[in-house]
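Below, all heavy atoms of this structure are taken into account, side chains as well, without hydrogens, waters or symmetry copies. Order of appearance sets the numbers: ligands from 1, and atoms from 1 within every ligand.
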Amino acid sequence: MTPTAEKTAPKISFVSLGCPKALVDSERIITRLRAEGYELTKRHEGADLVIVNTCGFLDSAKAESLEAIGTAMGENGKVIVTGCMGAEPEQIREAYPNVLSITGPQDYQSVMRAVHEAAPPAHDPFLDLVPEQGIKLTPRHYAYLKISEGCNNRCSFCIIPKLRGDLASRPVADVLREAERLVRSGVKELLVISQDTSAYGVDIKYAESVWTPAGGEARTVKARFYDLARELGGLGAWVRMHYVYPYPHVDQVIELMAEGAVLPYLDIPFQHASPSVLKAMKRPAHAEKTLDRIRRWREICPELGVRSTFIVGFPGETEADFELLLDWLDEAKLERVGCFKYEPVRGAPANDLGLALVPDEVKAERYRRFMERQQAISARILKNRVGKRLQVIVDEVVSTAGGFSARGRSKWDAPEIDGAVNLVSRRPLRVGDIVSAKIERADAYDLHGVVV
Ligand code: SF4
C-alpha cells in the first residue's frame, strides 16, 4: 500500500429522513464520523458504505424509508440502517435481508460499531477535524436544539413512545452549553425541539445543574421549561419553541415572549378541537379550554403567533366533530397551520379503538375544506402585516441587476414548515442577517417587502 493510499479516508454517503429530531440524530452520527476521519460523499456510487437514517412515524414515511434503503442497496450494496424504523427491524429485513445492520433511534454507538466493521477508519481520530459546534445539517445560521428524548404521553395514533421510550430530559447545563457553543459559532436562531417541550425536566424532577455563561458568574439553573427558556433568551440569538402543549405553566414562558427574550412563536400540535376526538386520540391537555388559553396568551403577549398541526379523518370523527374543528379555527385565528389526513400507523393503539373508520373520500373532502378555511384566515392575518416594519432573518440571497433579492422569515415563521418573506434590497445582504423590512404585499402564505 502506498503512503497516499494509506491516508485515504473511507467515504460514507448519508441519507437523513424524518423530522428535526431525526436530523439531530443524523448530525450527531456525522459529527462522530468526521471526528474519526471519515469523508462524506453525496453519491452512493463509489462510497464505501451508505447510512440511511429512517423515519417510521407514518406508513408513508416507512414507505419512503424503504425506498431510500432500496436505492442505497441498488447503487451501493453496503447499507447501514438506523432511526425510528430501525426499532422494528422485521419489515426492513424482509425487504432487504442483506443490509449490514439495523438499529433504532439515538443508538449512535451501534451505528459507529457497524461502520467500523464495514469500513474501518483509515487512521486515528483527528478530533480537530470537527468544528467546536459539531457538524450541522441545517444552514449555519440556524440550529435545532434537542432538549429531551422520548415522551411520557400515549397518544393513540402515535408509536413514538414505543420507538423512543419515555421522556429523558438532558441536564439543563448541557443544553445551555451546547446552545452557547452554537451561538458562538454563528448560529442566529435556536429551534428548541423535543417530543413535548412543556414537559421538559419532569422525569429528572427539574434537577438543578450549574452553568457558567461565557464571561458570567456560575449559577444554578433548574431543568424547567421556563428556566431553560429564560437562560436561552439571554444568549443573543432568536429562540423558537416547538412542540409545546397548552398547560397553564406555559403562561410564564409567554411572559418571556412579551419581554422579547424569546420569539413570540409557539408551535402547539393541537391535532383537533372536538373533545370526543381529542379524548380518543388521548392527547395531552385534551381537557384544557384551549380557546380561553390562547386568548389569555394573546393578552399577555399581543404579538404572539401560534402554529399548529391538525389531523382530519381520525377514526370516529363525525361531520359534527369536523364542523366544530372548523368553527374552532375561525375563533382561534392561528397564524400558521398544517393539516394531515389520518393514516393508521402499524402498532398504534388507535387501530384497536373499534371506532368507525372515515372513508378516504370523506377524509380528502374534509382536508380540502379545512385548508380552504385556514387559507382565508392566514391571508387575512398576513394582509394585516402589509405596511408594517418587521424583522426578517435572511435564509437565501441572490444578486440581481438592481441589487439583491432574498428569501427570509419573520419571527412567526419557522424554517421548512412555515411561510417566507421575499425581500428586495439595494444594499448587500448575507445569509443569517437579521434585517428590518417594510412589508408591501401579502399572499395566502408569504409576505413580500423591501429592506429598509
Ligand atoms: S405527545 Fe403524543 S404524538 Fe407526540 S410523541 Fe408523545 S405520544 Fe407521540
Side-chain angles (χ1 to χ4, degrees), residues 17-25 53-62 65 83-88 104-106 144-170 191-204 225 241-250 253 266-288 290 293 306-317 325 337-353 355 414 417:
L17 301 169
C19 63
K21 283 148 279 200
L23 191 65
V24 171
D25 287 350
N53 187 6
T54 56
C55 176
F57 186 45
L58 294 174
D59 285 350
S60 52
K62 285 185 188 168
S65 295
C84 278
M85 201 178 166
E88 295 176 301
Q106 304 136 45
Y144 293 100
L145 186 65
K146 198 177 192 180
I147 59 170
S148 59
E149 302 282 1
C151 184
N152 285 349
N153 303 313
R154 294 293 181 264
C155 303
S156 59
F157 55 81
C158 176
I159 52 166
I160 292 223
K162 246 192 222 170
L163 298 179
R164 297 188 165 227
D166 281 340
L167 179 74
S169 302
R170 291 175 63 193
L191 303 131
V192 176
I193 56 165
S194 69
Q195 308 295 345
D196 180 355
T197 297
S198 35
Y200 174 64
V202 169
D203 56 308
I204 51 173
F225 180 35
M241 296 296 177
H242 288 280
Y243 312 111
V244 175
Y245 287 96
Y247 289 112
H249 73 275
V250 174
V253 175
L266 210 48
D267 172 11
I268 306 185
F270 286 112
Q271 308 300 19
H272 214 283
S274 153
S276 57
V277 177
L278 287 170
K279 201 161 168 228
M281 287 178 167
K282 289 209 168 68
R283 291 295 287 163
H286 71 264
E288 290 288 328
T290 46
R293 199 144 284 285
V306 180
R307 85 105 40 201
S308 190
T309 48
F310 293 86
I311 297 173
V312 294
F314 188 77
E317 182 194 64
L325 171 59
V337 165
C339 181
F340 299 95
K341 285 173 262 178
Y342 174 74
E343 268 187 51
V345 174
R346 196 180 304 180
N351 304 333
D352 309 320
L353 290 176
L355 294 167
I417 51 176

Exercise. Measure across Tyr342 and Ile311 and return the closest heavy-atom pair with its distance rounded to 0.1 Å.
Key: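 Minimum heavy-atom contact is CB-CG2, 3.6 Å.
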Quiz item: So, the side chain of Ser65 versus the backbone of Ala61: is there a donor-acceptor pair under 3.5 Å, distance only?
Solution: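 Between the backbone of Ala61 and the side chain of Ser65 there is a qualifying donor-acceptor contact (under 3.5 Å).
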Quiz prompt | Pairwise side-chain contact, Leu23 with Tyr144, heavy-atom cut-off 4.5 Å (strictly under) | solution =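 Side chain of Leu23 against side chain of Tyr144, heavy atoms only: contact under 4.5 Å found.
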Quiz item: Quick one: does His272's side chain get under 4.5 Å of Phe314's, heavy atoms only?
Solution: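 Of all side-chain heavy-atom pairs linking Phe314 with His272, none is under 4.5 Å.
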Quiz item: Are Tyr245 and ligand 1 in contact, using a heavy-atom cut-off of under 4.0 Å?
Solution: yes
Exercise. Establish, from distance only, whether the side-chain atoms of Arg283 and Tyr245 form a donor-acceptor pair under 3.5 Å.
Key: yes
Self-check item: Pair Ser148, Gln195: side-chain N/O donor-acceptor within cut-off below 3.5 Å
Solution: no
Quiz prompt | Distance filter under 2.8 Å, centred on atom 2 (Fe) of ligand 1 - protein N, O or S atoms that pass it | solution =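 You should have found Cys155 SG.
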